[in-house]
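To start, the structure itself, in structure tokens.
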2 protein chains.
Amino acid sequence: MGEERRPTLEMVARRAGVGRGTVSRVINGSSRVSPDTREAVRAAIAELGYVPNRAARALVTRRTDTVALVVSEPEARLFDQPFFAGIVRGVSAVLTDRGLQLLLATARTGGDHERLGDYLSGGHVDGVLLVSLHTDDPLPDRLAGAGVPVVLGGRPLYPPRHPVHYVDIDNVGGAASATRRLIGAGRRRIATVAGPADMAAGQDRLRGHREALAEAGLPDPPELTVHGDFSHEGGARAMRELLEAAPDLDAVFAASDDMALGVLRTLREAGRRVPEDVALVGYDDTAAAAHTDPPLTTVHQPTERMGGEMARLLADTAIAEGPDAKPQAVVLDTRLVVRASG
Amino acid sequence: MGEERRPTLEMVARRAGVGRGTVSRVINGSSRVSPDTREAVRAAIAELGYVPNRAARALVTRRTDTVALVVSEPEARLFDQPFFAGIVRGVSAVLTDRGLQLLLATARTGGDHERLGDYLSGGHVDGVLLVSLHTDDPLPDRLAGAGVPVVLGGRPLYPPRHPVHYVDIDNVGGAASATRRLIGAGRRRIATVAGPADMAAGQDRLRGHREALAEAGLPDPPELTVHGDFSHEGGARAMRELLEAAPDLDAVFAASDDMALGVLRTLREAGRRVPEDVALVGYDDTAAAAHTDPPLTTVHQPTERMGGEMARLLADTAIAEGPDAKPQAVVLDTRLVVRASG
DNA sequence: CCCCTGTATGGGAGCGCTCCCACGCCGGGG
DNA sequence: CCCCGGCGTGGGAGCGCTCCCATACAGGGG
């Protein structure tokens with residue numbers, strides 16, 4: 001019944017005995033306002049509990065102070081991966097500092113995806129953070145083409161028709177460090193359970209593994225590479241294949257901890273001891289990795305920093321400097337976490 | 001330089017040879033518009049690629065079509081728990097269907113928390129979904145008091161001064177089913193590694209455990225209850241305490257899978273076989289639970305459904321019916337997933 | 001044949017804000 | 001002593017939309 005109406009800038013102005021323009025100036029901190037006036041306005045704002053209306057501001061400034069974090073299907077399924085959790089935390093922290101809002105968008109079906117593209121290019125957000133792990137996602141190019149400020153999480157897709165900013169974690173280097181560790185431990189028949197071939201992370205980790213092998217002058221026969229789907233079960237399956245094709249292997253680099261867990265199980269079932277018979281290194285440094293038996297040596301990724309850098313790059317460069325800004329690439333280093341498995 | 005301007009409703013009206021009001025009517029699907037006119041407007045919209053300006057609409061309707069999902073500190077830390085992942089998925093799906101946006105808000109420090117409260121009660125969102133696991137969080141009461149539509153995830157805090165809608169998962173029942181399972185397997189000295197006493201989930205699961213014990217006429221001596229912090233390490237520590245205080249226990253109900261993992265490790269280190277010597281049941285049905293050795297019997301929670309119900313309740317009741325709506329409570333059932341551990 | 005009703009439509013008003021131009025007042029130079 | 005420049009300020013205009021009143025027209029009953 002009361003239909004309370006929130007105080008407006010105009011009410012603040014009247015209460016402080018000044019004009020609307022002055023109140024606006026105080027709120028936006030800009031321009032010169034005499035100290036006395038400023039103080040009077042501040043007091044009026046406090047007394048009234050005034051909060052600026054974002055919609056009205058957005059209408060005239062054409063900025064929404066909102067950025068979207070888009071997680072494409074099927075990555076949404078992977079939401080529970082610590083990878084995304086870290087990114088969300090990092091993004092959220094930086095955006096809060098910048099006074100920006102975080103809109104979380106997940107697209108499920110194809111139709112959703114289409115509509116999401118319309119929505120995001122419709123000017124409802126100031127910029128888009130896109131975590132798209134698959135190389136065939138059309139969204140980044142589409143948004144970049146529409147002039148929407150975009151920052152990618154992960155290496156950009158094959159042919160970046162529209163150059164975009166991105167933040168990546170050095171998958172090649174991380175994988176290489178894992179495999180180098182195995183080489184340094186004297187292993188010579190080193191297999192890998194790689195990730196899916198259509199994900200940049202999968203490709204890059206496989207490449208890093210191979211580079212480390214080549215660097216040490218070790219052969220890289222095809223039977224020592226099997227692809228998994230980053231899941232526990234996929235890792236177990238891949239390991240069974242490996243054991244069949246190359247029973248004499250003495251080490252495994254798994255491109256994800258989840259897969260490493262599956263590998264570990266299969267090895268145990270096959271009676272191979274870890275690390276005595278087969279050394280194992282994973283990737284991701286998930287919570288579980290610290291508690292396996294034996295504890296898993298793995299590659300830690302700075303996911304929270306990645307999210308933070310993405311948000312920073314979007315706010316300070318992509319949005320601030322506009323579409324003419326020189327595309328920037330930030331690549332973050334990984335850290336090898338040595339435990340008992342390899 | 002081009003400073004492209006997006007088409008406005010007015011431009012659509014001119015192009016279709018109609019008035020603004022008519023275009024608005026077509027867009028909002030309401031009122032009566034003749035089929036011909038409607039078609040002409042539709043065509044003009046398509047040709048121009050017109051997308052309504054949300055800010056302008058929000059300014060006049062006083063609705064933002066945005067709801068916030070708030071995850072209070074320190075739960076943000078728990079973001080990687082599948083619990084939150086499921087909720088986000090469920091919420092997101094329902095909101096998309098309703099044409100609502102999802103604003104993700106996390107508050108870190110106390111100051112943030114304060115500002116967040118201001119923000120959320122400032123009319124920038126149509127409603128708030130609040131996942132607050134600690135019983136002393138002041139936010140729900142504050143928002144409800146400010147007349148902001150709120151739906152809680154989890155049982156409301158102690159004295160709900162302002163009655164609120166909530167969606168909970170039946171922690172009491174879930175825990176009871178876990179303990180009943182142990183009783184049914186013939187166990188008599190059943191310990192529990194409970195959750196923190198200041199979290200509703202912790203309290204409720206302990207209560208369920210006790211009810212099951214009482215129901216079977218089993219004693220519930222104090223040495224068989226130890227509190228953990230829901231973490232792996234906390235579970236391991238708690239189990240060591242239990243082993244010392246009650247070496248003759250023959251079963252353990254752990255109030256989270258993470259803790260169950262720690263329990264499992266401690267039991268193995270102590271030379272107890274699971275489930276032969278000590279049966280174990282966890283809670284959460286995390287991905288890891290299926291792959292432990294032995295696989296963990298645990299309680300599955302419908303997290304995605306919980307998120308969906310929260311969003312539905314917010315959109316269809318809390319927002320639609322306003323503050324006078326009768327507070328609703330939805331309690332979702334759990335499901336016992338029987339594996340080998342207990 | 002006219003009036004009344006109802007349906008389809010046009011367009012003014014105004015949401016709360018920022019932008020920007022104009023105005024008043026001050027002090028210093030001519 | 002007057003004029004000019006600049007700082008501090010007030011307030012009109014207008015962002016793009018929805019709301020709602022007014023208008024126009026078509027029919028049916030008196």
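Sequence lines set the chain letters: A, B, ... in the order given, protein chains first and strands last, and positions in each chain run from 1.
Across the protein-nucleic acid pair, Glu39(A) atom CD and dG8(D) atom P stand 16 Å apart, rounded to whole Å. Asn28(A) has its CG atom 17 Å from the P atom of dG8(D), to the nearest Å. The CD1 atom of Ile27(A) sits 10 Å away from the C1' atom of dT18(C) (whole-angstrom rounding). Here the C1' atom of nucleotide dC17(D) and the CE atom of Met11(B) are 15 Å apart, to the nearest Å. One can place CZ of Arg6(B) at 15 Å from P of dC15(D), the figure rounded to the nearest angstrom. Following rounding to the nearest Å, Glu10(B) (CD) and dC19(D) (P) show an atom-to-atom distance of 18 Å. One can place CG of Leu9(A) at 16 Å from C1' of dG14(D), the figure rounded to the nearest angstrom. Distance CZ (Arg63(B)) to C1' (dG16(D)): 18 Å, rounded to an integer number of Å.
To the nearest 0.5 angstrom, Leu332(B) atom CG is 6.0 Å from Ile169(B) atom CD1. With rounding to the nearest 0.5 Å, the separation of CZ in Arg14(A) from OG1 in Thr8(A) is 7.0 Å. Here Asp168(B) contributes atom CG and Met306(B) contributes atom CE; the two are 6.0 Å apart, rounded to the nearest 0.5 Å. For the atom pair Gln101(B) CD and Arg54(B) CZ, the distance stands at 4.0 Å (nearest 0.5 Å). Annotation: the span from Ile45(A) atom CD1 to Leu9(A) atom CG amounts to 8.0 Å, rounded to 0.5 Å.
Nucleic acid contact class of Gly123(A) (heavy atoms, under 4.0 Å, all strands): none. Among the protein residues, Arg62(A) comes within range of the sugar-phosphate backbone only, with heavy atoms under 4.0 Å from sugar or phosphate atoms but none that close to a base.
Between Ser34(A) and Arg20(A), the residue anchored nearer the 5' end of DNA chain D, judged by the nucleotide with its closest heavy atom, is Ser34(A). Comparing Gly21(B) and Val60(B) by the nucleotide of DNA chain C whose heavy atom lies nearest to each, the residue mapping closer to the 5' end is Gly21(B).
For the pair Thr22(B) and dT9(C), the criterion of a side-chain N or O lying under 4.0 Å from OP1 or OP2 is not met. For the OP1/OP2 pair of dC15(C) and a distance below 4.0 Å, the side-chain nitrogens and oxygens of Asn53(A) include no atom meeting the criterion. Taking 4.0 angstrom as the limit, Ser24(A) places none of its side-chain polar atoms (N or O) nearer than this to OP1 or OP2 of dC17(C). Distances shorter than 4.0 Å separate some side-chain N or O of Thr37(B) from OP1 or OP2 on dT9(C).
Closest to the Leu59(A) side chain, of the nucleotides dG16(C), dT18(D), dT9(D), is dG16(C). Nearest nucleotide to the Arg57(A) side chain, out of dC15(C), dA8(C), dT18(C): dT18(C). Distances were taken from every side-chain heavy atom of Ala56(B) (C-beta onward) to each of dG16(C), dC17(D), dC7(D); the shortest belongs to dC17(D).
Donor-acceptor pairing under 3.5 Å, judged by distance alone, is absent between the side chain of Arg38(A) and the base of dG8(D). For a distance-only test at 3.5 Å, the side chain of Arg25(A) qualifies as a donor-acceptor partner of the base of dG10(D).
Among all heavy-atom pairs drawn from Tyr166(B) and Leu313(B), the shortest one is O-CD2, 4.0 Å.
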